[in-house]
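All remarks here apply to the structure that follows.
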Amino acid sequence: MDRSANLDAEELKMTREQYILATQQNSLPRTENPQFYPVGIYGWRKRCLYFFVLLLLVTMIVNLAMTIWILKVMNFTVDGMGNLRVTKKGIRLEGISEFLLPLYVKEINSRKDSPLVLQSDRNVTVNARNHMGQLTGQLTVGTEGAVFGHSVETPHIRAEPSQDLKLESPTRSLVMEAPRGVQVNAAAGDLKATCRKELHLQSTEGEIFLNADTIRLGNLPVGSFSSSSPSSSAPRQTIYELCACPNGKLYLSPAGAGSTCQSSSNICLWS
């Protein structure tokens with residue numbers, strides 16, 4: 001019985017608590033028109049967002065089209081760009097190219113059976129420098145020809161067809177040397193060597209050989225020679241004798257029955 005009494009008391013207590021909770025909920029004020037607050041972007045903000053997204057999409061499409069156009073115009077490929085090709089041996093450039101800044105290369109070669117042309121509106125200058133950056137050689141090609149800043153080593157020098165070849169050193173000396181000889185040949189014209197002071201032809205171990213139908217030595221001084229029997233009706237002197245001074249200077253002496261070099265050797269006194 002005690003147990004039954006305890007159960008009845010607990011059920012009564014639970015029923016009382018439920019009644020109190022139900023009474024409190026019913027006593028709370030109720031709103032007849034509840035307000036709902038929307039979550040998100042609406043109105044002009046939404047339109048601005050759509051506008052910026054559309055503008056970004058258009059910009060991406062334009063950039064993609066410009067990139068494709070540049071790749072097509074410049075002819076970009078896996079091997080290079082346009083006429084420029086990257087190979088295992090270096091860079092291969094075909095056609096006409098223009099360089100606006102200095103070009104530093106180790107070697108420049110043309111295609112087989114094709115010439116290599118370097119063109120400029122003014123001068124073409126090629127410089128050679130050592131490991132310290134000092135200038136050791138220079139080649140300048142301009143309207144007046146080729147100007148070499150230092151010595152030049154070449155197996156062949158020739159002029160263009162129907163043009164003259166001129167070797168000149170305005171302020172210094174001009175030296176041509178070779179271990180086996182220097183050959184100067186003019187197949188269909190004249191060979192002329194001029195200088196301001198002295199022209200030296202020297203052979204240390206051999207001889208100087210002049211082979212021609214006619215050898216002329218112009219502007220040689222003429223020594224005076226007076227005959228022992230002067231005559232007013234003597235013909236004009238047209239034949240001269242070629243004489244040489246001890247120092248090698250050549251002069252002319254009027255020819256006579258014998259040698260007249262000794263008689264007109266006064267030229268050697270002033271040499």
Side-chain angles (χ1 to χ4, degrees), residues 3-136 138-143:
R3 185 176 181 182
S4 300
N6 292 331
L7 291 173
D8 295 339
E10 290 179 356
E11 291 178 357
L12 181 62
K13 184 177 179 180
M14 292 177 61
T15 303
R16 185 179 180 181
E17 291 179 354
Q18 291 177 358
Y19 175 77
I20 293 173
L21 291 174
T23 305
Q24 291 179 354
Q25 291 178 358
N26 294 329
S27 63
L28 292 176
R30 297 181 178 180
T31 57
E32 296 180 355
N33 298 323
Q35 296 180 358
F36 297 95
Y37 297 95
V39 179
I41 301 175
Y42 299 93
W44 64 272
R45 295 184 179 87
K46 185 176 182 180
R47 290 191 294 269
C48 290
L49 179 60
Y50 287 162
F51 174 76
F52 284 120
V53 171
L54 181 61
L55 181 62
L56 181 60
L57 182 61
V58 172
T59 304
M60 291 175 59
I61 295 175
V62 172
N63 288 338
L64 180 61
M66 290 293 293
T67 303
I68 296 175
W69 179 76
I70 292 174
L71 293 176
K72 185 65 176 178
V73 172
M74 300 300 294
N75 194 13
F76 278 98
T77 60
V78 179
D79 297 331
M81 177 186 68
N83 295 329
L84 184 65
R85 294 289 183 269
V86 179
T87 62
K88 295 181 180 180
K89 297 181 180 180
I91 297 177
R92 180 178 179 180
L93 186 60
E94 298 181 356
I96 300 175
S97 302
E98 181 178 358
F99 299 93
L100 302 178
L101 296 176
L103 176 64
Y104 298 92
V105 295
K106 182 179 180 181
E107 185 177 358
I108 299 178
N109 294 326
S110 63
R111 293 184 299 177
K112 294 182 179 180
D113 300 331
S114 297
L116 178 63
V117 179
L118 301 178
Q119 184 175 355
S120 174
D121 294 338
R122 295 184 180 179
N123 296 334
V124 177
T125 302
V126 180
N127 295 331
R129 300 180 182 274
N130 56 14
H131 64 282
M132 300 182 62
Q134 299 176 351
L135 185 65
T136 58
Q138 186 180 58
L139 168 63
T140 302
V141 181
T143 56

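- Interatomic distance, OG1 of Thr140 versus CG of Asn127, reported as 7.0 Å (0.5 Å rounding).
- Here the closest heavy-atom approach between residue Leu116 and residue Ile108 is recorded as CD2-CG2, 3.6 Å.
- Rounding to the nearest 0.5 Å gives a distance of 11.5 Å between CG of Leu49 and CG of Leu54.
- In this structure, Phe76 places its CZ atom where more than 12 heavy-atom neighbours from other residues, nucleotides or ligands lie under 6.0 Å away.
- Distance check: Leu64 CG to Ile61 CD1 gives 8.5 Å after rounding to the nearest 0.5 Å.
- For the atom pair Tyr50 OH and Arg47 CZ, the distance stands at 11.0 Å (nearest 0.5 Å).
- Judged purely by atom type and a 3.5 angstrom limit, Asn130 uses its side chain to pair as donor or acceptor with the backbone of Met132.
- Heavy atoms only, all atoms of each residue included: Arg129 and Leu135 are closest at NH1-N, 3.8 Å.
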